[in-house]
Amino acid sequence: MMLFRLVFGLLLLGALLCFAMYIGTRQPLWRRRGQLLVKWTILAAFGFFGVLLLERLAVML
């Protein structure tokens, strides 16, 4: 569980830093990198909640 939280937090931090660089430099490269990191952050969140769901199902059975 801690690993998922760490990955989620680092991806979110990276995306925020990329968007800050985009605001500072106005280079579209940073915006694209930020959007890519947001996409991976959402996928990591789905994985996190999927593991939580599977743990709950394992306890019920």
Verify same cluster id: Val7, Leu36 (apolar side-chain graph, 4.5 Å):
yes
Give me the atom names and distance for the closest heavy-atom approach of Ala15 to Gly34.
CB-O, 3.9 Å
If you round to the nearest 0.5 Å, how far is CG of Leu54 from CZ of Phe49?
13.5 Å
Which residues end up grouped with Leu6 if you chain together Ile, Leu, Val, Met, Phe, Trp and Tyr wherever their side-chain heavy atoms are less than 4.5 Å apart?
Leu10
Output a table of donor-acceptor pairs, distance under 3.5 Å, between side-chain atoms of residues 38-48 and any protein atom two or more places apart or on a different chain; print 'none' if there are none.
{"unit_1": "Thr41", "atom_1": "OG1", "unit_2": "Leu37", "atom_2": "O", "d": "2.7"}

Side-chain atoms of residues 22-33: list all donor-acceptor pairs with protein atoms under 3.5 Å, sequence neighbours left out, distances to 0.1 Å.
{"unit_1": "Thr25", "atom_1": "OG1", "unit_2": "Met21", "atom_2": "O", "d": "2.8"}
{"unit_1": "Thr25", "atom_1": "OG1", "unit_2": "Gln27", "atom_2": "N", "d": "3.4"}

